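Down below is the structure, laid out as structure tokens.
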Protein chains: 2
Amino acid sequence: MKDSKPVPDIVIGRLPIYLRALTHLLEEGQEVTSSKEMAERLGISSAQIRKDLSHFGEFGKQGMGYNIAHLRDQIRRILQVDRIWSVAVVGAGDLGHAIVQYGGFEGRGFRVACVFDNNPEKIGLRLGKFEICDVAEMPERLKEMGIAVAIVAVPAGAAQTVVDALVKGGVQAILNYAPITVTVPPEVRMQYIDPVTHLQRMTYYL
Amino acid sequence: MKDSKPVPDIVIGRLPIYLRALTHLLEEGQEVTSSKEMAERLGISSAQIRKDLSHFGEFGKQGMGYNIAHLRDQIRRILQVDRIWSVAVVGAGDLGHAIVQYGGFEGRGFRVACVFDNNPEKIGLRLGKFEICDVAEMPERLKEMGIAVAIVAVPAGAAQTVVDALVKGGVQAILNYAPITVTVPPEVRMQYIDPVTHLQRMTYYL
DNA sequence: TAGATTGTTAATCGATTAACAATC
DNA sequence: TAGATTGTTAATCGATTAACAATC
């Protein structure tokens with residue numbers, strides 16, 4: 001941690017993997033780990049793990065390794081998941097349902113705060129503990145609630161319109177499950193999940 | 001396409017994105033595109049698109065660009081998604097339900113062929129058009145059906161056991177939704193989807 | 001022909017790895 | 001002290017980009 005250059009995004013992308021592994025080790029009751037042990041678990045080189053962490057500070061002790069709870073807390077802080085982010089979910093289909101019901105956000109920095117859909121037959125119904133809201137009112141609702149993070153679970157054809165409305169509502173980070181690349185202003189972060197692209201990446205090798 | 005070195009995996013990872021964009025352009029009725037147009041749509045440089053494609057052949061015409069249907073067919077062939085892969089889904093919870101009901105596999109090279117769970121109360125029940133099978137019988141069933149691709153949608157604690165059983169059943173490509181890094185033999189391909197890691201990658205910048 | 005765009009080369013840029021002094 | 005492991009440097013490796021001849 002000596003230069004002022006931005007940390008490469010590829011490094012940022014590995015921090016959540018480290019965090020997940022540390023949490024897992026902690027649940028197993030372990031207190032200390034090493035870059036070597038992490039490397040074996042994750043299939044990443046130990047040098048890379050040390051180099052990645054060195055962008056942010058010195059978290060280990062020579063000869064001793066890393067205190068797991070401490071390193072976890074540091075990475076949480078770096079990633080800003082030492083707080084809870086309210087997340088809007090757009091799309092109340094099967095996937096939206098699975099996302100809203102998913103118990104895995106708790107404890108990792110996120111909480112679903114509201115659900116939107118554009119289908120008049122769904123608006124007003126309950127999904128888990130939420131009442132499904134009209135996407136038409138989304139921008140205002142997002143602003144009111146101060147929501148910065150959203151998950152898009154709508155068909156590809158609706159994704160760009162939904163994303164535009166999210167941006168209008170002040171959302172700055174969007175996870176898009178719709179299988180289409182959307183356009184956003186440069187200040188908005190996008191991430192994509194399309195299971196088919198992951199599968200296609202593997203069939204090449206079969 | 002002149003050397004015999006393996007094509008970098010990072011290039012393989014972009015082909016499904018190109019394929020998705022080409023299919024989209026075709027649906028819009030367009031017949032020809034250029035590396036420049038694709039680049040603008042995808043937020044990738046045109047040089048990179050041309051270089052990626054050049055690993056596999058010459059698919060365009062100078063001054064004219066690419067015939068979309070032709071390039072799409074070529075990428076489908078390269079990725080081996082010019083056939084239909086039968087996919088096993090493990091885990092019949094909300095996520096497994098969403099995956100089985102998802103209509104987006106059709107036309108992109110995949111079809112859900114069977115569903116497994118370890119919960120005796122679920123085994124034998126229907127999920128969509130499938131009867132939920134016992135994971136205990138999974139390895140034999142996979143071999144019988146000749147299944148090479150699987151999707152894991154079980155809790156983290158069960159993932160390694162499930163993956164071991166899939167490998168035993170001859171599966172060679174696994175898409176894991178459980179938020180844990182698993183160990184597989186080197187000949188088995190793994191891909192991961194953990195929405196929380198994607199979200200955490202974005203909150204760093206907020 | 002003139003304009004456009006490919007496929008490819010070489011240069012640049014960035015990421016990973018190997019190695020080791022520092023030190024717990 | 002001896003052994004282990006960090007944090008960091010320099011070397012290696014690989015990926016991206018710029019540029020342009022080829023050519024449709």
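As the structure is a computational prediction, the values presented were derived from the model and not from experiment. In what follows, chains are A, B, ... by sequence order, proteins preceding strands, each numbered from 1. Computation of the quantities below employed the complete heavy-atom set of this structure, encompassing side-chain atoms and omitting hydrogens, waters and symmetry-equivalent molecules.
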message: Output the rounded distance in Å from CG (B:Asp52) to P (D:dT16).
response: 7 Å
- prompt: Within this structure, what is the CD1-to-P distance between A:Ile49 and C:dA15, rounded to whole angstrom?
  reply: 17 Å
Ring pair (Phe, Tyr, Trp, His ring centres under 6.0 Å) against B:Phe59, all qualifying residues, sequence neighbours excluded: none
- request: Scan B:Ser35 against the nucleic acid and name what it touches under 4.0 Å (heavy atoms): base, sugar-phosphate only, or nothing.
  value: sugar-phosphate
statement: A:His55 NE2 to D:dG7 P, in whole Å, measures 13 Å
Pair pattern of DNA chain D in dot-bracket, where unpaired bases get dots and | marks partners in another strand, Watson-Crick or G-U under 3.5 angstrom: ..||||||||||||||||||||||
- prompt: Could you state the CG-C1' distance from B:Leu53 to D:dT16, rounded to the nearest angstrom?
  reply: 15 Å
message: Test your reading of the model: is there a side-chain donor-acceptor pair from A:Asn67 to the backbone of A:His70, 3.5 Å cut-off?
response: yes
- request: Return yes if some donor-acceptor pair links the side-chain N/O of B:Gln160 with the main-chain N/O of B:Thr183 below 3.5 Å, else return no.
  value: yes
query: Residues in side chain to side chain donor-acceptor pair (under 3.5 Å) with B:Gln30, at least two apart?
result: B:Glu37
message: Within the 4.5 Å heavy-atom criterion, are A:Val188 and A:Val171 side-chain neighbours or not?
response: no
Salt bridge B:Arg41-B:Glu28, side-chain N to carboxylate O under 4.0 Å: yes
query: Quick one, which residues of residues 7-30 of chain B touch DNA chain C with a heavy atom under 4.0 Å?
result: none
task: Check each residue of residues 65-74 of chain A for a non-hydrogen atom within less than 4.0 Å of any atom in DNA chain D, then write out the ones that pass by number, or none.
output: A:Gly65, A:Tyr66
- request: If a protein heavy atom is under 4.0 Å from the base, mark B; if only from the sugar-phosphate, S; if neither, -; do that for nucleotides 17-24 of chain D going 5' to 3'.
  value: BBB--BBB
query: Do the charged groups of B:Asp52 and B:Arg14 touch, with an N to O distance under 4.0 Å?
result: yes
query: Does a side-chain heavy-atom distance below 4.5 Å link A:Arg20 with A:His24?
result: no
message: Would you say A:Asp9 and B:Tyr204 are linked by a side-chain donor-acceptor pair, where the criterion is simply a distance under 3.5 Å?
response: no
field: Sidechain-backbone polar pair: A:Gln80 side chain, B:Leu206 backbone, donor-acceptor under 3.5 Å
entry: yes
Among B:Val87, B:Val100, B:Ile151, side-chain contact (heavy atoms from CB on, under 4.5 Å) partner for B:Phe105: B:Ile151
message: Can you tell me how far apart CG (B:Leu79) and CZ (A:Arg201) are? Round to the nearest 0.5 Å.
response: 11.0 Å
task: For B:Lys36 and C:dA4, give me the distance from atom NZ to atom C1', rounded to whole Å.
output: 10 Å
field: Protein-nucleotide distance (B:Glu58, atom CD; C:dT6, atom P), rounded to Å
entry: 12 Å
- prompt: Would a distance-only check, ignoring hydrogens and angles, find a side-chain to backbone donor-acceptor pair under 3.5 Å from A:Asp194 to A:His198?
  reply: no
Nearest-angstrom distance from the residue atom CZ of A:Phe56 to C1' of D:dT6: 17 Å
